[in-house]
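Here is how names work: the chains are called A, B, and so on, in the same order as the sequence lines, proteins then strands, and each is numbered from 1. Worth saying up front: this structure is predicted, and the values here are computed from it rather than measured.
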Amino acid sequence: MDIQYIHTFTMQTKEECRTLQQKLKAQIDLTSRVKMTHIHNCAGVDVAYWEENGISYGACSIVVVDYQTKNVVEKVHSVGEVTVPYLPGFLAFRELPLILEAAKKLQIEPDVFLFDGNGYLHCEHMGVATHASFFLNKPTVGIGKSYLKIKGHDYVMPEDTEGAYEDIVIDGEVYGRVVRTAKGVKPIFLSCGNYIDLDMSYQLMMHFISKESKLPIPVRLADLHTHELRKRYRQSTGK
DNA sequence: GCGACAG
DNA sequence: ATCTTGTCGC
């Protein structure tokens with residue numbers, strides 16, 4: 001894939017990061033750029049971390065899954081040192097270098113990217129899924145496993161049935177949706193990344209829910225893949 | 001000083 | 001995110 005990126009890698013201070021977030025935030029467009037019937041495949045993105053000799057490393061996996069058959073049609077990854085620390089609200093700056101490095105290796109151009117992490121559901125509407133869309137230039141969806149509190153607002157717990165959900169509305173604006181993807185498990189936090197609306201994001205996400213996990217298949221597979229990669233690289237990277 | 005904190 | 005065994009429950 002042709003990836004256009006710039007500033008994300010040169011951000012050093014929190015102020016510079018905030019400035020970039022504001023600039024990109026102004027360009028968010030939650031209108032769907034793709035029709036539901038034109039979606040042929042979907043990519044899942046995840047990153048895993050580990051430490052060796054005091055140095056942090058990360059492995060990113062992108063797994064592309066066919067929409068109809070749910071078979072894996074492509075799988076790429078990237079591995080390397082991670083120098084950016086994790087700061088709540090700035091996850092994108094830590095994960096994007098590896099994510100974009102992996103995305104460049106894709107032969108297929110996925111119709112949509114599903115991220116392990118939030119998108120529009122973020123204090124500045126700039127979670128990793130939204131941030132990434134500006135460089136991938138593709139629709140993205142955010143899927144978080146836990147809630148990052150915004151302006152002190154809590155979410156309403158959806159009822160315990162598959163597919164039940166509650167929208168997360170703050171100051172009259174819909175930030176995202178808490179979804180119970182399976183009965184008897186904790187809900188996930190869905191939100192638009194960019195170039196796609198929340199209802200289509202929900203349809204897409206639920207389409208990829210199977211009995212194996214509360215996470216949609218593409219994200220689940222990327223999650224498993226990063227764990228394999230870590231097992232494979234952690235010993236060999238050291239001396 | 002204390003609590004909160006996507007991954 | 002990651003460090004980690006067994007164990008309670010459907």
Side-chain angles (χ1 to χ4, degrees), chain A residues 8 14 17-18 21 24-25 44-62 77-100 102 113-133 140-155 160-162 168 170 175-194 201 205 211-216 218-220 222-235 237-238:
Chain A
T8 295
K14 229 171 176 176
C17 290
R18 283 204 186 88
Q21 284 186 336
L24 296 178
K25 174 183 179 180
V45 186
D46 190 27
V47 182
Y49 300 92
W50 72 92
E51 280 203 14
E52 253 170 69
N53 307 318
I55 297 175
S56 295
Y57 295 90
C60 170
S61 164
I62 300 181
H77 73 268
S78 61
V79 177
E81 183 178 345
V82 176
T83 56
V84 182
Y86 167 68
L87 295 176
F90 298 93
L91 178 66
F93 295 91
R94 175 169 166 82
E95 303 209 323
L96 271 180
L98 282 175
I99 291 173
L100 298 183
F113 284 82
L114 303 182
F115 282 79
D116 184 323
N118 295 151
Y120 201 73
L121 180 59
H122 177 282
C123 50
E124 294 298 335
H125 293 321
M126 284 295 296
V128 61
T130 306
H131 200 135
S133 72
T140 60
V141 174
I143 297 168
K145 296 187 291 295
S146 61
Y147 181 66
L148 175 58
K149 195 178 261 189
I150 296 167
K151 298 181 187 176
H153 284 68
D154 283 311
Y155 62 91
D160 193 14
T161 55
E162 181 178 327
I168 298 170
I170 301 169
Y175 276 58
R177 184 173 288 182
V178 203
V179 185
R180 186 86 67 175
T181 55
K183 182 176 168 60
V185 299
K186 290 195 301 181
I188 57 92
F189 301 84
L190 170 77
S191 62
C192 300
N194 204 0
S201 300
M205 197 267 294
K211 289 182 177 178
E212 283 64 52
S213 172
K214 67 170 182 174
L215 294 173
V219 174
R220 174 58 177 158
D223 183 44
L224 292 173
H225 189 205
T226 57
H227 287 32
E228 290 170 15
L229 290 168
R230 181 173 55 207
K231 194 175 289 183
R232 188 160 105 211
Y233 284 96
R234 87 180 314 164
Q235 297 295 333
T237 311

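At least one donor-acceptor pair under 3.5 Å links the side chain of A/D160 to the backbone N or O of A/G184. Here the side chain of A/T140 pairs no donor or acceptor atom with the backbone of A/F113 at under 3.5 angstrom. The closest donor-acceptor contact from the side chain of A/S201 to the backbone of A/S191 lies at 3.5 Å or more, if one exists at all. Side chain of A/S61 to backbone of A/T226: no donor-acceptor contact under 3.5 angstrom is found. No side-chain donor-acceptor contact under 3.5 Å links A/H225 to the backbone of A/I62.
Under the side-chain hydrogen bond (donor to acceptor under 3.5 Å, both in side chains) rule, A/E124 has a single partner from A/R18, A/Q21, A/K25, which is A/K25.
The aromatic ring of A/Y86 does not stack onto the base of C/dA1, failing the criterion of a centre distance under 5.5 Å from the six-membered base ring together with planes under 30° apart.
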### Summary
Given protein heavy atoms under 4.0 Å, the one-letter contact record of nucleotides 4-10 of chain C, with B base, S sugar-phosphate only and - none, is simply -------

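Per the geometry, CE belonging to A/M126 stands 16 Å off C1' belonging to B/dG7, to the nearest Å. Rounding to whole angstrom units, CD of residue A/Q21 and C1' of B/dA6 are separated by 12 Å. At whole-Å resolution of the value, CG in A/L215 and P in B/dG7 are 10 Å apart. One interatomic measurement links the two molecules: CG of A/L87 to C1' of B/dG7, which rounds to 12 Å at whole-angstrom precision. Regarding A/L224, its CG atom lies at a distance of 16 Å from the C1' atom of C/dA1, rounded to whole Å. A straight line from OH of A/Y57 to C1' of B/dG7 spans 20 Å, rounded to a whole angstrom. If you take NE2 of A/H122 and C1' of B/dC5, they are 12 Å apart, rounded to a whole angstrom. In this structure, CZ of A/F90 is placed 13 Å from C1' of B/dA6, rounded to the nearest angstrom.
If you check every strand for non-hydrogen atoms under 4.0 Å, A/F189 touches nothing. Among the atoms of the strands shown, only primed sugar atoms or phosphate atoms (P, OP1, OP2) are found under 4.0 Å from some heavy atom of A/G144.
Residue A/E95 places its side chain closer to B/dG7 than to any other of C/dC3, B/dG7, B/dA6. Taking the side chain of A/Y49 as heavy atoms from C-beta on, and the options C/dA1, B/dA6, C/dC3, the nearest nucleotide is C/dA1. When distances run from any side-chain atom of A/L91 to the nucleotides B/dG7, B/dC5, C/dC3, the shortest one goes to B/dG7. Here the side chain of A/N118 is nearest to one of C/dC3, C/dA1, B/dA6, namely B/dA6.
A sub-4.0 Å separation between OP1 or OP2 of B/dG7 and a side-chain N or O of A/S146 is present. In terms of phosphate contacts, A/K149 brings no side-chain nitrogen or oxygen within less than 4.0 Å of OP1 or OP2 of B/dG3.
Distance check: A/I143 CD1 to A/R220 CZ gives 13.5 Å after rounding to the nearest 0.5 Å.
Ring geometry for A/Y57 versus A/W50: interplanar angle under 30°, hence parallel rather than tilted (30 to 60°). Ring geometry, A/H125 versus A/Y175: the interplanar angle falls from 30° to 60°, so the pair is classed tilted.
For the residue pair A/E95/A/Y49, the side-chain donor-acceptor check at 3.5 Å is satisfied.
With a 3.5 Å limit on both pairing distances and Watson-Crick or G-U wobble geometry required, DNA chain B contains no stem of 3 or more pairs.
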